[in-house]
Amino acid sequence: MAAVPGLARDLSLVPKDAGVVGPAGRLLRRVLVSLDAATRHEIPVHLATNHSETDVIEAVYRAAADPAHPSIGREAPALLAEPIMDVVQHLPGLWPAETSYAACASGLYAAFLALLETAPGPRIVAAADALAQMGIAGFRRAGAIGADGCRPFSDDRDGLLIGEGAVAIRLDTEGENGLPRILGLGVACDAGHPTAPDAEGRGLEAAIRDALARADVTAEDVGGLVLHGTGTVANDATEAKVCARIWPKGAPPATSIKGHVGHCMGAAGLLNLAVAAEAWRRRSLPPTWPANVPGDVAGLDVVRGQARTLPRHHPVLATALGFGGANAAVLVGGRR
């Protein structure tokens, strides 16, 4: 797996044969190259993004409306049909299978589709999102952005911090012993509200229970949680409520990485999957940031300050929630 953080907006270093590359596309290209994904084989890439290259699309269509640039006007529709896919098409040995749009759960929805693939051989799941005017405006209008940073699961949390990044994971049907495996992945859409999670978390609970059932493990088998943990009042309360129902005697230790990297939107779920895989491999759950808060939301054992050692051979669960009621959960562990 590979991941890259956000980037400067200087696109002058992008090779001319890299396709239509805006900020999100550049992130995607870097992460696929970091994964060393370009091979002699034809590997499908299951893509995910929240809003793709909306700033680039807007700029191109503005230029297309200018009579001084007639060629842009003719080429714009085909050029920008899906700029994220265009990046993959310019890398040797890769081809785009599809692009998933499930808001901030997009990455795990793409992983779900990749697991449904029946053809033998490896496949890649990749997700990317970059700061864009539409995304920032949307979160602001929803009242989701915090006034002073991001404090997941803290009693004084007041909103998220937007991040940007990309992650790519290569899935092999015949993986080596000792490598983390996707044991089960569940998705569910409760369609409860355009921007707020279902207050009771019915869709999230269904996704988690589906992942557990597909993995054929009980909730008590889970060793740790990498939760969506956006730092908003509604999201964190919903996840805590669901965890209290699934683990009535106490949930496993939980963390959120969004205090460290921000909310990477369409890449957030896949990034959580990557963290869960590394946490299982290292038997260590990274701490939530910030380290010191007045208190944590009831019902969760939030890891703070130092990493928490995980029990051997117990899988790790990761979650993702998105606008529109999209929910996903994935269980990562060893060969059973």
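Atoms considered below: every heavy atom in the structure, side chains included; atoms not considered: hydrogens, waters and symmetry mates. None of the values given here were measured: they were computed from a predicted structure.
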Colleague: Between CG of Leu108 and CG of Leu185, what distance do you get to the nearest 0.5 Å?
Modeller: 6.0 Å

Colleague: What pair of heavy atoms forms the shortest contact from Arg308 to Val302, and how long is it?
Modeller: NH2-O, 4.1 Å

Colleague: Within the distance-only criterion (no hydrogens, no angle test), does the side chain of Arg151 pair as donor or acceptor with the backbone N or O of Gly259 below 3.5 angstrom?
Modeller: no

Colleague: Which distance, rounded to the nearest 0.5 Å, do you find between the CD of Glu220 and the CD1 of Ile246?
Modeller: 10.5 Å

Colleague: Cluster question for you: counting only ILVMFWY and a side-chain heavy-atom cut-off of under 4.5 Å, with indirect links fine, are Leu161 and Val297 together?
Modeller: no

Colleague: Walk me through it: do Val167 and Cys264 pass the test side chain to side chain contact (heavy atoms under 4.5 Å, CB included)?
Modeller: CA-CA 10 Å; Val167 59; Cys264 294; over 6 Å; no

Colleague: Under a 4.5 Å cut-off applied to non-hydrogen side-chain atoms, are Glu239 and Asn235 in contact?
Modeller: yes

Colleague: With the 4.5 Å side-chain cut-off for hydrophobic clustering, are Trp289 and Val293 part of the same group?
Modeller: no

Colleague: Answer with yes or no whether the hydrophobic clustering places Phe323 together with Ile136; edges join I, L, V, M, F, W, Y residues whose side-chain heavy atoms lie under 4.5 Å apart.
Modeller: yes

Colleague: Hey, is the main chain of Leu160 close enough, under 3.5 Å, to the side chain of Thr230 for a donor-acceptor pair?
Modeller: no

Colleague: Can you tell me how far apart CG (Asp236) and CG (Leu300) are? Round to the nearest 0.5 Å.
Modeller: 8.5 Å

Colleague: Quick check: closest heavy atoms across Pro252 and Val222, and the distance to 0.1 Å?
Modeller: CG-O, 3.5 Å

Colleague: Can you tell me if CG on Asn292 sees more than 12 non-hydrogen neighbours from other groups inside 6.0 Å?
Modeller: no

Colleague: Test your reading of the model: is there a side-chain donor-acceptor pair from Arg123 to the backbone of Gly121, 3.5 Å cut-off?
Modeller: yes

Colleague: Could you pull out the closest heavy-atom pair between Ala128 and Ala166, with the gap in Å?
Modeller: CB-CB, 3.7 Å

Colleague: Answer yes if Val275 and Leu310 sit in the same cluster of Ile, Leu, Val, Met, Phe, Trp and Tyr residues linked by side chain heavy atoms under 4.5 Å apart, and no otherwise.
Modeller: yes

Colleague: Side chains of Arg304 and Asp296: does their closest heavy-atom pair fall under 4.5 Å?
Modeller: yes

Colleague: I'd like to check Asn272 versus Ile257 (side-chain heavy atoms, cut-off strictly below 4.5 Å). Are they in contact?
Modeller: yes

Colleague: Quick one: are Ile208 and Leu212 in side-chain contact, heavy atoms under 4.5 Å?
Modeller: yes

Colleague: Could you check whether any side-chain heavy atom of Ser100 comes within less than 4.5 Å of a side-chain heavy atom of His46, counting everything from C-beta outward?
Modeller: no

Colleague: Ring pair (Phe, Tyr, Trp, His ring centres under 6.0 Å) with His263: which residues, sequence neighbours excluded?
Modeller: Phe139, His228

Colleague: List the atom of Val330, the atom of Ile182, and the distance in Å for their closest heavy-atom pair.
Modeller: CG2-CG2, 3.8 Å

Colleague: Answer whether the closest heavy-atom distance between the side chains of Arg157 and Thr232 falls below 4.5 Å.
Modeller: no

Colleague: Just by distance, do the side chain of Glu42 and the backbone of Trp95 share a donor-acceptor pair under 3.5 Å?
Modeller: no

Colleague: Would you kindly confirm whether Val88 and Val33 end up in one hydrophobic cluster when ILVMFWY residues are joined by side chain heavy atoms under 4.5 Å apart?
Modeller: yes

Colleague: Could you go through Arg202 and Glu205, starting from their C-alpha distance and side-chain angles, then the distance that decides it, and tell me whether this counts as salt bridge (charged side-chain N to carboxylate O under 4.0 Å, His left out)?
Modeller: CA-CA 5 Å; Arg202 290 166 292 188; Glu205 181 175 359; over 6 Å; no

Colleague: I need the Thr288 OG1 to Lys258 NZ distance, nearest 0.5 Å.
Modeller: 10.5 Å

Colleague: Looking just at side-chain N and O atoms, do Asp221 and Thr218 make a donor-acceptor pair shorter than 3.5 Å?
Modeller: yes

Colleague: Could you tell me the separation between the CE atom of Met265 and the CG atom of Asp129, rounded to the nearest 0.5 Å?
Modeller: 4.5 Å

Colleague: With side chains defined as the heavy atoms from C-beta onward, is the minimum distance between Tyr101 and Asn50 less than 4.5 Å?
Modeller: no

Colleague: For Asp148 and Gly146, indicate whether the former's side chain and the latter's backbone hold a donor-acceptor pair under 3.5 Å.
Modeller: no

Colleague: Taking all heavy atoms of Gly184 and all of Ala215, pick out the closest pair and write down the distance.
Modeller: N-CB, 4.0 Å

Colleague: Exactly one of Leu47, Ile169, Leu94, Leu171 should register a side-chain contact (heavy atoms from CB on, under 4.5 Å) with Ile124. Which one does?
Modeller: Leu94

Colleague: Output the distance between atom CG (Leu273) and atom CG (Leu331), rounded to the nearest 0.5 Å.
Modeller: 10.5 Å

Colleague: Thr238 and Pro197: which non-hydrogen atoms are nearest, and at how many Å?
Modeller: OG1-CG, 3.8 Å

Colleague: Would you indicate whether the side-chain heavy atoms of Trp247 and Leu225 approach each other to under 4.5 Å?
Modeller: yes

